[in-house]
Amino acid sequence: MPEHILLRHRDIPGIDDLDTYLANDGFKAFEKVVTGQSPQELIDSVKHSGLRGRGGAGFPAGVKWSFLTPGVFPRYVVANADESEPGTFKDRELMEKNPYQFLEGVAICSYAAQANTAYVYFRGEFWDLAQEIEKKIDLLYERKLLGAGLFGTDYSLDIYLHVGAGAYICGEETALLESLEGKLGQPRLRPPFPAAEGLFAKPTVVNNVETLANLPPIVNKGADWYRSIGTEKSTGPKIFCLSGNVERPGNYELPMGTTFRELIYEHGGGIPEGRKIKAIMPAGASSAMIPGTEEVLDTPMDYESLPEIGSQLGSASIIVLDETVDISWVTYKTSRFFKHESCGKCTPCREGTYWMYNVLKRVQDGGGDRDDIDLADLVAHGIEGKCLCALGEFAIMPVMSGIRLFRDDFEAHIGDER
Amino acid sequence: MSEPLVTLTIDGKEVSVPAGTLVVDAAKKIGIDIPVFCYHPKMDPVGMCRMCLVEVGMPKRDRQSGEVVTDENGDAIIEFRPKLDTSCTLPVSEGMVVQVSSEKAVAGRRDIVEFLLTSHPLDCPICDKGGECSLQELTMEHGPGKSRFLYENKMHLDKHVALGDLIYLDQERCIQCARCIRYQELIVDDPVLGFEERGRRLQIVTYSDPEFDSYFSGNTTDICPVGALTTADFRFGARPWELNAAPSICPHCPVGCNLMLNTRREAGAGGTSVVKRVMPRQNEVVNEIWICDKGRFAHHYASSPDRLIQPLVRKDGELVAATWDEALRTASEGIKAAGQKTLGIAGARAANEDLFVFRRLLEAVGGEAVLHDTMAGGDHVAQFGVGTGTNLKELGQGDAILVIASDLHEEAPIWWQRVFAAAGRGTSLVVANARQTRLDKYAAQSIRYAYGDAVQIASGLVGAVSGVNGNSDFAGLETVDSAAKLLSEARNLIVFFGGEGLDYEGTQALANACARLLVETKHVGRPNNGLIAVGLKGNQQGAWDVGLRGAPRGLSAALGAAEAVVLLAADPFGDDPHLADDLDEGAFVVVQELFLTDSARRANVVFPARSFIERSGTFTTGERRVQRFYQALQPQGETRPDWKILVDLAERLGFEIGFASELEVFNQIAGSVEGYQGLTYEDLSRVDSQWPPVGALDLYFGGTAFKNTHGLGVQIAPGAERGGTFKAGTPQQSEFPQSEWVLVPVTELYDHGRTVTESAVLKPRLSAKTLRVNRQGVEKIGVEPGQEIELHLNGAVYVLPVEIESSLPDGIVLVARSQGIPASTPAAVELRAVS
């Protein structure tokens with residue numbers, strides 16, 4: 001087992017203690033960039049590393065930073081710690097067990113963005129974690145690793161924490177910014193993108209926790225080293241959140257491009273009682289399901305390969321569904337989730353998720369007919385491509401793919417009551 | 001400077017529009033209706049409702065050269081985007097191809113309508129909006145015709161949520177377009193509405209206390225694309241298609257908002273017609289498509305059962321009903337007997353035609369006609385008023401506005417809105433007043449002065465711009481100097497002056513100083529430059545233009561010398577009972593009125609007049625725009641228009657003032673009044689195309705404000721523009737009372753006048769009957785805020801609660817006008833704890 005790059009606490013016990021973190025190259029990277037690199041050099045090297053956003057969209061981080069409107073200040077960095085995708089639990093482990101690497105990542109990103117203020121936006125349910133992080137930030141101020149005049153330069157940085165009110169939509173970066181400004185969490189129209197007008201209408205970088213945690217190792221070991229991990233276009237390590245019908249669910253840090261088979265069978269211990277995989281949801285509840293075929297199992301998990309088999313890597317929340325699972329029930333559950341979490345701003349998502357849920361519930365409860373299965377699919381198609389943000393598009397993926405691949409599961413409910 | 005044009009193709013039609021134009025607007029300009037719900041042409045787009053989906057293609061460009069790639073015919077190859085785009089959020093670009101009618105776009109919009117209807121209660125048969133509802137119209141045109149949604153799955157929500165005293169929300173009908181939220185935030189800066197909850201439970205709520213606290217709340221019902229927002233006044237009152245519509249002009253303030261009066265015959269009114277609702281009528285240079293809530297809801301006085309509907313004549317000390325013949329005879333005898341000692345007092349809520357005939361009659365009698373007003377300066381406005389073609393909407397970067405001694409938000413809400421909007425576009429706004437008002441927030445420079453110093457401040461500005469330190473102590477004061485710099489450097493400058501803390505002479509002096517400022521900085525005689533009086537009454541400028549002025553030595557003296565008094569649209573004895581004491585006991589009083597006012601009670605003859613709703617005529621706005629209003633209702637009882645009463649009276653008196661109609665009177669005005677020469681009713685009735693299109697077929701786009709088909713009015717040229725000369729004369733000095741406490745009357749929108757209090761829906765919103773002093777003042781009197789105190793004025797005692805207004809100067813007590821305290825100008829008073 002190679003050394004972890006992100007989940008370093010698994011190799012170094014007590015790395016959540018600042019002294020232990022510092023003794024293991026902690027904050028060397030931040031000091032190195034602040035004292036020895038220009039923000040542009042840092043951005044160029046992160047671009048070269050090929051690091052892509054780990055929140056789900058996979059947009060190259062360095063490129064995102066380079067979109068900041070030149071000459072407009074103040075700028076902000078926001079760490080998206082709103083980890084809300086059902087089946088995703090990587091950021092939580094990072095922040096709980098290896099918090100300083102994440103915070104150092106926030107600091108490095110802030111320097112690259114020439115921001116003197118950064119915010120960490122936690123989902124509401126992370127209130128206890130936020131309290132722990134707050135203590136750690138206090139300690140960083142004490143050790144002069146945050147605050148004014150860092151490392152004898154004139155660069156200063158403050159990090160503030162904000163705890164949301166528990167809305168899935170606030171993981172969407174513009175809804176997050178609205179919420180951070182104290183408003184109702186609803187996505188903004190884009191353009192303008194946050195890099196032009198973000199928090200308080202100033203140029204802003206929003207990055208996922210895992211993305212930021214990648215920065216210290218990139219700075220310390222170099223972009224070329226980083227590129228050597230993973231695939232050509234999807235570089236570096238990735239934390240895969242494995243859950244569902246597997247023997248050993250949990251977070252697994254593996255190179256990008258690892259196959260499903262390796263993750264599920266080598267690391268996850270396979271399926272209980274040797275059952276077969278019926279379907280995989282590779283991006284949590286927001287996934288288009290893919291069938292558990294040999295071809296799928298041999299597919300590398302990276303940003304390029306998954307679209308080729310009809311899905312997305314997203315935040316790499318691999319939910320394994322075995323042959324005992326009723327896909328009708330799964331889509332009913334995901335539609336209920338998205339109906340509950342739709343912010344209500346745009347029509348197709350607000351009305352469509354509610355409608356889709358009602359139809360799927362009817363089918364699941366045995367009160368539907370065959371036309372209802374088609375109707376659920378038609379409603380999903382009605383939502384498709386018409387929403388203001390991605391939530392509505394996420395909501396339809398399990399439904400459309402579920403009906404397409406496993407229609408029998410839905411049909412099995414028809415006539416239950418009649 | 002013309003903006004660069006961009007050419008695109010929409011449904012095969014080529015159109016060139018300025019860069020930055022949104023696709024939805026570009027389509028509208030060539031007659032292609034892209035349906036919208038959340039988009040409103042007066043507000044930035046939000047792209048929420050997704051109704052305006054279209055297919056968009058762009059010319060393919062070579063990646064290396066950036067050149068447009070063409071096919072074998074030399075036509076640009078168009079690459080269509082995979083997803084539909086919201087045309088309300090998409091700016092046009094060169095060579096863009098938009099498909100509104102493609103199968104994909106049509107299907108996309110059909111899906112959106114079907115989605116919207118899944119939540120909608122479909123209660124059109126009992127909905128106020130039925131017949132003028134965007135959702136209804138667009139469903140007919142773009143909807144699927146049949147829903148696949150099971151009715152039993154509908155989410156049921158509260159249908160009668162009072163968002164405030166004036167507006168109700170039906171949560172089921174709401175389609176979450178946020179037009180109302182955005183209107184309150186962006187257009188009138190009363191951000192009192194918002195969303196609460198999420199998903200299908202997303203609902204409009206109000207944040208303010210009192211709820212939905214805004215003078216503009218009614219406008220949200222016009223732009224609401226469904227029947228979610230309705231007014232307390234009109235809800236369940238009538239179906240839109242049953243209503244008749246008469247164009248009118250709001251008489252309440254000098255803005256002169258264009259209205260449409262919707263009327264209907266009512267069983268409850270004995271089968272007669274009544275006004276069911278007042279709607280804005282589009283006039284982009286006056287009120288755009290908005291009106292304030294006073295204009296919308298105060299109309300009820302016209303149908304009050306207390307209206308005078310037949311002449312009254314005093315017999316044996318009592319006013320008793322009489323025939324017109326008897327009343328006219330009695331009145332003419334009284335006036336004839338007084339002869340040259342006849343005093344005419346007119347109020348500026350009367351129409352131009354009334355005021356003109358009034359003056360003619362008093363001239364013929366040989367008496368004196370005066371204006372009952374504490375505001376002056378109309379002669380300065382006639383000379384230095386805003387130039388023809390003025391439109392506050394055009395002021396922006398590089399321009400300036402000065403507002404002095406006025407609280408525009410209370411006195412002329414639509415001007416307030418247009419002025420702060422101008423500030424938002426970069427106009428340098430200078431706000432000068434003795435206390436903080438809502439306009440200060442938008443000011444580039446605020447000037448705070450002691451009450452009584454308004455004229456000196458204005459003179460100080462003149463001194464500062466001319467480099468001559470006039471007769472002012474204030475040039476050299478930092479705020480005055482920096483304000484003067486802003487004003488003198490402005491490309492265009494408009495000055496609004498009010499009468500707060502001033503009397504008649506004071507406002508005349510202020511008008512003079514403001515006019516000098518405009519002349520000195522060369523901001524006269526052209527569009528978007530000049531002087532505007534924020535009059536207390538709607539037709540103040542018209543009254544001055546036809547030649548009426550305040551009594552030269554004061555009303556008290558004039559009354560003392562009069563043997564007969566003719567009152568037109570004025571209630572001086574109600575405003576100040578002491579004035580009645582000035583009148584000789586035997587003096588003969590003739591009153592033309594809507595109600596039995598205090599002055600009417602003192603009259604020998606009372607003529608029942610018609611309100612503006614039951615007749616036609618013209619008003620002149622503060623921007624000197626002459627506008628026509630039309631008769632909306634049949635007259636009540638035996639009422640006659642004021643001008644007609646005066647003509648009838650003249651006939652009995654044997655004078656030749658034989659006008660047969662408003663038209664004839666107006667033609668005389670056009671023949672004799674400076675600046676009005678050559679004007680005809682036809683000119684006033686002319687219309688132009690206006691943007692955005694509203695009403696009728698375009699109600700989905702701009703709202704239910706009425707399209708203007710009856711005239712935009714005519715802005716008349718000020719003297720300075722016509723090259724006329726003007727002798728200002730030396731303004732009389734006015735003294736601010738010197739006393740431990742000085743009462744300053746101020747205007748509040750919802751006053752306690754009869755034209756407001758008759759409206760049941762406005763009752764809870766009427767201005768609070770309180771005295772306002774600063775914090776130290778409350779301590780000085782020795783009471784707590786909210787406690788009642790005694791106000792001693794001219795020997796009378798008034799007991800009212802006291803409240804704190806922190807920005808007031810020491811020794812000042814503020815009271816809203818029309819609350820029963822007879823002071824129309826600053827007065828020395830005493831304040832004491834209740835003994």
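Within every chain, numbering begins at 1; the chains are lettered A, B, ... in the order of the sequence lines, protein sequences first and strands thereafter.
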For this session: Would you mind checking which part of A:V359 comes under 4.5 Å of any heavy atom in chain B, side chain (CB onward), backbone (N, CA, C, O), both or neither?
Result: neither
Exercise. Side chain, backbone, both or neither: which part of B:M51 has an atom under 4.5 Å from a heavy atom of chain A?
Worked result: neither
Seminar exercise, completed: For B:I175 and A:R350 the tightest heavy-atom approach is O-NH2, 3.3 Å
Problem set entry | Leading residue by heavy atom contact count with chain A [cutoff under 4.5 Å; candidates B:D85, B:L116, B:L84] | B:L116
For this session: Under 4.5 Å heavy-atom distance to chain A, tell me which part of B:L53 shows up: side chain, backbone, both or neither.
Result: side chain
Problem set entry | Atom group of A:C349 that falls short of 4.5 Å from chain B, counting heavy atoms | neither
For this session: Can you measure from CZ (B:R200) to NE2 (A:H340) and round to the nearest 0.5 angstrom?
Result: 16.0 Å
Exercise. Quick one: what part of A:L388 sits under 4.5 Å from any heavy atom of chain B, side chain, backbone, both or neither?
Worked result: both
For this session: Measure B:R201 against the heavy atoms of chain A and call it side chain, backbone, both or neither at under 4.5 Å.
Result: side chain
For this session: Write down the atom of A:T347, the atom of B:F115, and the distance for their closest heavy-atom approach.
Result: CG2-CB, 3.9 Å
Exercise. So which part of B:K154 gets closer than 4.5 Å to some heavy atom of chain A, the side chain, the backbone, both or neither?
Worked result: backbone
Seminar exercise, completed: Residues passing the side chain to side chain donor-acceptor pair (under 3.5 Å) test with A:Y357, sequence neighbours excluded, are none
